Amino acid sequence: ADVTFGYDPARPVLHDLHLAIPAGSFIGIVGHTGSGKSTLLALLLRFYAPQAGHIDIDGLPLPTIDDEHFRAAVGLVPQEPFLLAASARENIDMGRGLADADIVEAARAARAHDFIVALEAGYATPLGEGGARLSSGQKQLIAVARALAGRPRILFLDEATSRIDSGTEQLVQAALAELHGRTTVIAIAHRLSTIRSADRIVVLNHGRIAEEGTHDSLMAIPDGIYQRLYLLQQIGE
Ligand code: ATP
Ligand code: MG
């Protein structure tokens, strides 16, 4: 059913949004600032409920999934990863009491393992206040490892690659590609290369889905929003 939502119900910021997210698919969400990307993510995370309609995720209407299941199924890589003044291991475990093998597996999948073992005490190395020891790209990879360590069925990324260098971005891209088919990935992307291989890219404009398709199909829309965004970024890089 089509979704309408406003923080103030009298002033909707998302309109008539039809969105079904098949299990195991990789969905990219793009759009200009203020177009409603973070709002859509907040609905997907059930921070808010839409005034009308609902989103289907993994074949289930979002409101029907019970809280406990939902929390266990979902992983989030936020725009600003929050790192503890603790070891690399503890920053991935986050008090869940995970086995070492699971921590390492998640770190490998997130492409964080290599830089962690290169630290003087490996996984036991204190990362400092807010992860002060790490580059912003490395912090991001720790956040990806943390999310993957919970073995989420659905992984959300909010602009997770906007501030990292292109080398690290390629690592994240590779990590996402590997999840394909097993984990549903929903990525808000500022840097369009991150979602280039998405099964479906949703282009928001003023709270509506303006364009939708694969990278190639969106690039073929004459004077399309996605095409213009993409070409602008090519010039910028
Ligand atoms: P950006 O690329 O800048 O992050 P965005 O696409 O994520 O933008 P949103 O944050 O979803 O955009 O904002 C969509 C609209 O909703 C904007 O008009 C914004 O002002 C409004 N909005 C966002 N958050 C709130 C809020 N908590 N309360 C009221 N209005 C909000
Ligand atoms: Mg946003």
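Counting starts at 1 for both ligands and their atoms, following the listed order. Model, not experiment: these values are computed from the prediction.
If you check the side chains of Ser35 and Asn205, you find no donor sitting under 3.5 Å from an acceptor. The closest side-chain donor-acceptor pair between His54 and Asp56 falls under 3.5 angstrom.
On a distance-only criterion, Val13 and ligand 1 share no N/O pair closer than 3.5 Å. The distance criterion of under 3.5 Å between nitrogen or oxygen atoms is not met by Gly31 with respect to ligand 1.
Contact check for Asp158 versus Val77: no side-chain heavy atoms found under the 4.5 Å cut-off.
Taking the six-membered ring for Trp and the full ring otherwise, the centers of His215 and Tyr230 sit less than 6.0 Å from each other.
Of the protein's non-hydrogen atoms, Thr33 OG1, 2.5 Å is the one closest to atom 3 (O) of ligand 1. Scanning the protein for heavy atoms near atom 14 (C) of ligand 1, the closest one is Gly34 O, 3.4 Å. The protein atom (non-hydrogen) at minimum distance from atom 2 (O) of ligand 1 is Lys37 NZ, 2.7 Å. In terms of protein heavy atoms, atom 10 (O) of ligand 1 is closest to Ser38 CB, 3.8 Å. Looking from atom 23 (C) of ligand 1 to the surrounding protein, the closest heavy atom is Tyr7 CE1, 3.5 Å. Here the protein heavy atom with the shortest distance to atom 9 (P) of ligand 1 is Thr39 OG1, 3.5 Å.
Between Arg89 and the options Ile116, Thr125, Ile103, Val104, a side-chain contact (heavy atoms from CB on, under 4.5 Å) holds for only Ile103. With respect to Ser193, the side chain to side chain donor-acceptor pair (under 3.5 Å) criterion is satisfied by exactly one of Glu169, Gln234, Gln170: Glu169.
In summary, an N, O or S atom of Ser38 is located under 2.8 Å from the Mg ion (ligand 2).
The atoms of ligand 1 that sit less than 4.0 Å from any heavy atom of Ser35 are 6 (O), 12 (O). Heavy-atom contacts of His32 reach the following atoms of ligand 1: 6 (O) (cutoff under 4.0 Å).
Distance screen at 4.0 Å: atom 20 (O) of ligand 1 has no protein heavy-atom neighbour inside the cut-off.
With a 6.0 Å cutoff to the six-membered ring centre and a 45° limit on the axis angle, Arg46 counts as a cation-pi contact of Phe70.
Heavy-atom contacts from other residues, nucleotides or ligands closer than 6.0 Å to CD of Glu68 number 12 or fewer.
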